[in-house]
Amino acid sequence: MGRREKPLDPGAGAVQRFAYELRKLRDEAGTPTYRAMALGAGYSAPTLSAAAGGERLPTLPVLLAYVTACGGDTGEWERRWREAVAESAEAGDDPDGEDSPYPGLTRFETGDGEHFHGRGDLTADLLRLTARTRFAAIVGASGSGKSSLLRAGLIPALREATHPDLRLATIRLLTPGPHPARIHAALFTPHEASGDTLLVVDQFEEVFTLCADPAERARFLGQLLTASDSASRLRVLIAVRADFYGRCAEHGPLAEVLRDSALLVGPMSPHDLRQAVVRPAAARRLVVERALTARIVADVAGEPGGLPLMAHALREVWRRRTGKALTLAAYEAVGGVRGAVAHTAEAAYTRCTPAEAAALRALLLRLVNPGDGTEDTRRPVDRAELDADETTAYVLEQLVDSRLLTVDDDTVDLAHEALIGAWPRLRGWLDEDRERLRLHRRLTEAALTWEELERDAGALYRGTRLTEARETFGDGGQAGAVAGELNRLERDFVTASIAAYEQGRRAAARAARRLRTLTGALAVLLCLAVLAGAAAWWQSGVSARQRDEAEARRAAAQADTLRSADPRAAMRLALAAWRTADLPETREALRTAAAQSEQDVFTQPEDGGRALNAPAWLSRDGRILTTVVHDKAVQWDVPGHRRIRSVQRPGLSEGVLDASADGRYVAYRSPEGAGMVIGGLADGSTRRLATGAPTNIEGMFGPSGRTFVVRRPVLGADDGRATLEVWDVRRQRVLFRYDRGSDDGGLPVLSRDDRYLAWCSHDGDRLQVLDGVQGRLVATRVPRPTQRTLCQGELTFTPDHRAVASGTSDGIVTWDFRARPRASPAEDRGRRARRGVRRCLRPGLGQGLLHAVAYGPSGPGGRQRARAAPHPSRGRLHDWRHPSGPRQGRAALPRGRTDQRRTYPLAAGAAGRELAGRADVRRDPPRHRRRH
């Protein structure tokens with residue numbers, strides 16, 4: 001018979017009450033011996049006896065074996081065991097008031113060195129890296145122990161280091177937060193003591209998750225990178241999560257310094273894990289069951305983020321320890337490494353009332369920053385942001401007591417990010433409201449900015465962001481928002497945004513109404529203005545038309561007055577008048593302009609030198625006008641209205657006789673009395689013709705300009721005989737001479753081929769034509785009336801050298817002296833008399849005006865032009881077209897006014913379409929103009 005079991009007190013606690021109930025089950029089964037129970041249970045008798053000993057709770061497998069041996073319900077007893085474990089955990093704090101050697105979800109602090117084990121090698125590597133480089137980084141997964149390594153491993157080791165490169169003036173520890181550059185600016189000033197200042201930046205990923213301002217982020221990174229310069233007396237060590245290490249490459253200089261200065265924190269080896277489990281308990285004189293150690297190492301090995309879960313599970317096992325032992329039973333009771341955090345959080349949640357549960361949910365969601373392509377991260381917040389009422393304050397206290405949250409001064413934070421993934425309920429809340437949380441985070445940032453700007457209206461929500469906020473959180477958080485979801489500042493921000501929007505909407509509505517009213521008024525005014533404008537436009541059109549018609553009539557009348565004085569201006573004025581207004585007067589003026597023959601007017605300018613009755617000659621082509629004034633020959637370009645040259649020759653004015661038809665020479669009596677002088681105007685040459693004493697000698701150039709005709713009276717002859725000579729100007733010799741000429745009437749005229757010479761004798765009653773080649777008169781019978789008619793004006797030859805022409809008061813008369821008669825002399829005389837005046841170019845015009853005529857090379861059969869050359873000092877040059885005519889004909893030129901009647905020679909144009917006659921013209925004031 002075995003020893004009697006120690007008595008148990010069911011009121012002494014959950015462990016003794018559970019042992020008491022086990023003994024009662026054994027008694028109900030007939031009190032079998034433990035040896036008999038061990039035969040079928042698979043456990044030894046002492047193990048089964050210890051299960052009901054009352055010192056500690058048995059493990060679940062031992063319990064189930066005990067119940068099976070006694071014939072009990074295993075399911076029922078498993079439930080009781082779990083309740084006993086939970087009850088034991090609630091009352092399981094160290095009765096002596098000692099803290100747990102395991103930090104749970106929180107990190108090891110700088111004073112926890114005696115409990116921090118398993119990271120000795122990594123701490124040594126980090127010391128060497130810190131000594132080697134001024135900017136270093138440790139990189140690891142969330143839960144790999146980076147924060148504990150910095151605080152409980154590196155910082156104590158640096159304080160005890162003796163290496164010269166590790167002699168530091170001070171060590172400063174910080175986490176970035178939402179405004180790292182502004183909050184931590186003072187920490188970048190080196191300590192006054194000798195040595196460098198080490199900045200340890202934990203949770204470096206907050207630079208990317210919490211700092212929303214890229215400019216401030218860049219400024220903070222620039223402050224950190226100053227440590228690369230030894231003159232800064234700063235060293236920097238950052239701890240960054242592995243999934244945010246790639247974000248460091250976004251900043252080029254940061255990526256450059258981290259190229260060879262990063263230390264990777266991996267999972268702990270099984271040996272290191274055993275050290276981390278056993279040695280903290282040994283420091284408190286506790287024993288860890290080998291089965292528990294093996295189980296924990298197996299569960300955590302190869303898990304880079306499992307350290308906080310392991311620490312929390314060990315803390316929960318420590319709370320459920322049996323005496324001085326940490327048992328596997330307690331580990332299984334809390335759900336192991338993966339279930340411990342969920343077990344603790346779920347227990348805290350189930351103890352809450354519905355109101356407390358809603359506050360707990362809102363509090364935890366506010367402490368999480370939902371990831372965007374990355375894992376969710378914790379979000380430390382200021383207690384003022386929580387806007388905690390009594391319910392929220394109570395829930396916060398309970399979560400802190402459960403070591404799920406931490407409070408550091410005024411900052412509330414999750415104990416570890418492992419809580420986010422380890423508690424299914426929290427994970428479900430995040431997945432359910434992820435987009436809502438993102439909107440909430442943006443709303444919080446906007447509200448804080450609004451508060452910093454002293455609630456400036458410009459920082460309020462508008463447009464799409466306001467619409468999203470109203471749809472998600474309701475109007476000011478009163479409807480549509482989860483209870484406790486928005487704090488007071490956020491509600492005020494939404495309310496102010498909505499109020500500003502409504503005020504703007506009402507203002508826009510008022511403005512729209514005013515605009516509609518104004519638009520209507522403007523439309524009416526516009527209609528009235530259009531009507532008034534149309535009336536004014538119509539009236540203006542009428543006035544403009546009447547003005548244009550009056551101007552057109554005045555222009556047409558002025559065109560008629562300028563027809564003779566300025567033909568081109570008259571034609572242009574008539575065209576402008578018709579274009580201005582199509583009236584009968586303007587049409588008549590335009591038709592008259594189209595039918596007029598006058599082409600241009602040239603008036604010699606004052607600066608060329610003018611004198612009354614100064615001689616002037618127009619070249620054959622009508623382009624050069626030569627005048628002689630004060631012993632100076634001046635030549636003008638008639639079409640261009642400009643002076644060509646001025647040649648000074650002594651005795652020119654007194655002895656001038658003629659100018660050549662081409663304008664190249666001028667002939668005058670020699671001042672020395674030795675014949676004639678032919679002066680070259682273009683080349684300045686001088687040729688002399690030995691014509692004898694110049695007394696009573698007359699002369700003129702031939703039409704070709706190569707010959708000069710001289711008439712010299714025969715001395716002592718009483719019958720008026722004269723000697724006629726034709727000289728070659730260039731060779732200065734006589735071509736032919738005729739001694740039976742007449743000295744009365746005009747000078748003989750020479751044909752253009754220098755062969756024929758024609759003149760009138762017997763007081764203009766007889767026409768004679770000399771053939772210079774044959775040296776005799778041309779045999780022809782010219783009717784007396786025709787001879788008298790021809791001798792009324794100055795004679796000229798037609799271009800074909802077959803006929804003689806003359807300008808009369810009735811027109812132009814021609815006579816073909818080479819034609820042979822085909823009828824009897826009487827019939828021939830009558831026919832020729834009639835034929836001499838048969839065709840008139842412009843009947844009824846030109847009476848008393850035309851005295852001389854000259855043909856162009858085309859002859860009288862072509863369309864020709866007549867030019868009248870008045871005196872260059874007062875008169876005008878007129879140009880008329882000559883319509884086609886027969887071999888014999890005459891053309892009448894327009895009549896002009898004759899204030900002082902004088903006659904001047906004319907010439908034909910070079911194109912063969914002009915003829916020129918001498919006319920009486922009026923003397924006008926000096927003018928120089930040309931109309932185009």
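Being a predicted model, the structure only gives us computed values, none of them experimental.
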key: SB check Asp743 Arg721 (cutoff 4.0 Å)   =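 No, this pair does not count.
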
Contact check, side chains of [X] and [Y], non-hydrogen atoms, under 4.5 Å:
X      : Y      : answer
Val729 : Arg687 : yes
Thr627 : Trp617 : no
Val629 : Val634 : no
Asp728 : Thr707 : no
Val769 : Val804 : yes
Leu681 : Arg664 : no
Pro799 : Arg752 : yes
Leu757 : Val709 : yes

How long is the gap from [atom1] on [X] to [atom2] on [Y], to the nearest 0.5 Å?
X      : Y      : atom1 : atom2 : result
Leu767 : Arg784 : CG    : CZ    : 10.5 Å
Thr691 : Arg669 : OG1   : CZ    : 9.5 Å
Gln787 : Leu790 : CD    : CG    : 8.0 Å
Phe701 : Asp658 : CZ    : CG    : 6.5 Å
Leu750 : Arg706 : CG    : CZ    : 10.0 Å
Leu747 : Cys760 : CG    : SG    : 12.0 Å

Minimum-distance pair of heavy atoms, taken over all atoms of [X] and [Y]:
X      : Y      : answer
Phe817 : Ala803 : CE2-N, 3.7 Å
Gly663 : Ser619 : N-CB, 4.4 Å
Thr586 : Ala581 : OG1-O, 2.8 Å
Leu795 : Ser806 : CD2-CB, 4.0 Å
Thr723 : Val714 : OG1-CG2, 3.7 Å
Ala577 : Ala555 : CB-CB, 3.7 Å

request  = For Asp560, enumerate each residue passing the salt bridge (charged side-chain N to carboxylate O under 4.0 Å, His left out) test, keeping only those at least two apart in sequence or located in another chain.
outcome  =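 Once residues adjacent in sequence are excluded, the partners of Asp560 under the salt bridge (charged side-chain N to carboxylate O under 4.0 Å, His left out) criterion are Arg563.
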
inquiry  = Could you work out, with salt bridge (charged side-chain N to carboxylate O under 4.0 Å, His left out) as the rule, every residue matching Asp771, not counting sequence neighbours?
reply    =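 Once residues adjacent in sequence are excluded, the partners of Asp771 under the salt bridge (charged side-chain N to carboxylate O under 4.0 Å, His left out) criterion are Arg755.
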
Checking [X] now: which residues fulfil side chain to side chain contact (heavy atoms under 4.5 Å, CB included) with it, not counting sequence neighbours?
X      : value
Ser742 : Asp744, Trp759, Ser761
Ile644 : Ile624, Gln635, Asp637
Arg740 : Tyr738
Asp631 : Gln648, Leu652, Ser653

task = Determine, stepwise, if the pair Asp753 / His801 fulfils side-chain contact (heavy atoms from CB on, under 4.5 Å).
result = CA-CA 7 Å; Asp753 60 356; His801 324 303; 3.5 Å; yes

request  = Could you go through the side-chain contact (heavy atoms from CB on, under 4.5 Å) check for Leu657 and Phe708 one step at a time?
outcome  = CA-CA 11 Å; Leu657 296 176; Phe708 188 78; 4.2 Å; yes

request  = Apply side-chain hydrogen bond (donor to acceptor under 3.5 Å, both in side chains) to Arg711 and list each qualifying residue two or more places apart in sequence or on a separate chain.
outcome  =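 Arg711 satisfies side-chain hydrogen bond (donor to acceptor under 3.5 Å, both in side chains) with Glu698 only.
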
Partners meeting side-chain hydrogen bond (donor to acceptor under 3.5 Å, both in side chains) with Arg788 (sequence neighbours left out) =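 Scan of Arg788 (side-chain hydrogen bond (donor to acceptor under 3.5 Å, both in side chains), adjacent residues dropped) gives none.
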
Partners meeting ring-ring contact (aromatic ring centres under 6.0 Å, His included) with Tyr665 (sequence neighbours left out) =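 Tyr665 satisfies ring-ring contact (aromatic ring centres under 6.0 Å, His included) with no other residue.
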
query = Does the side chain of Thr686 come under 3.5 Å of the side chain of Arg688 through a donor N or O and an acceptor N or O?
reply =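 Distance-only check fails for Thr686 and Arg688.
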
ask   = Counting distance only, does the side-chain N/O of Ser660 pair as donor-acceptor with the main-chain N or O of Gly705 below 3.5 Å?
value =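 Checking the backbone N and O of Gly705 against the side chain of Ser660, no donor-acceptor pair under 3.5 Å is found.
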
key: Stepwise side-chain contact (heavy atoms from CB on, under 4.5 Å) test for Leu575 and Leu590   = CA-CA 6 Å; Leu575 179 60; Leu590 186 61; 4.0 Å; yes

message = side-chain contact (heavy atoms from CB on, under 4.5 Å) for Arg649 and Tyr668? Distances and angles first, verdict last.
response = CA-CA 10 Å; Arg649 285 185 173 272; Tyr668 61 98; 3.6 Å; yes

Pairs satisfying salt bridge (Lys or Arg N to Asp or Glu O under 4.0 Å), at least one member in residues 578-589, at least two apart =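 Non-adjacent pairs meeting salt bridge (Lys or Arg N to Asp or Glu O under 4.0 Å): Arg553-Glu585, Asp582-Arg587, Glu588-Arg591.
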
Quiz: residues 730-737 side-chain donor-acceptor pairs under 3.5 angstrom, not counting sequence neighbours:
from	atom 1	to	atom 2	distance (Å)
Arg737	NE	Glu725	OE2	2.8
Arg737	NH2	Glu725	OE2	3.2

Show the atom names and distances, to 0.1 Å, of all donor-acceptor pairs under 3.5 Å that link a side chain in residues 538-551 to residues at least two apart or in another chain.
from	atom 1	to	atom 2	distance (Å)
Ser543	OG	Gln539	O	3.0
Glu551	OE1	Arg554	NH2	3.1
Glu551	OE2	Arg554	NH2	2.2

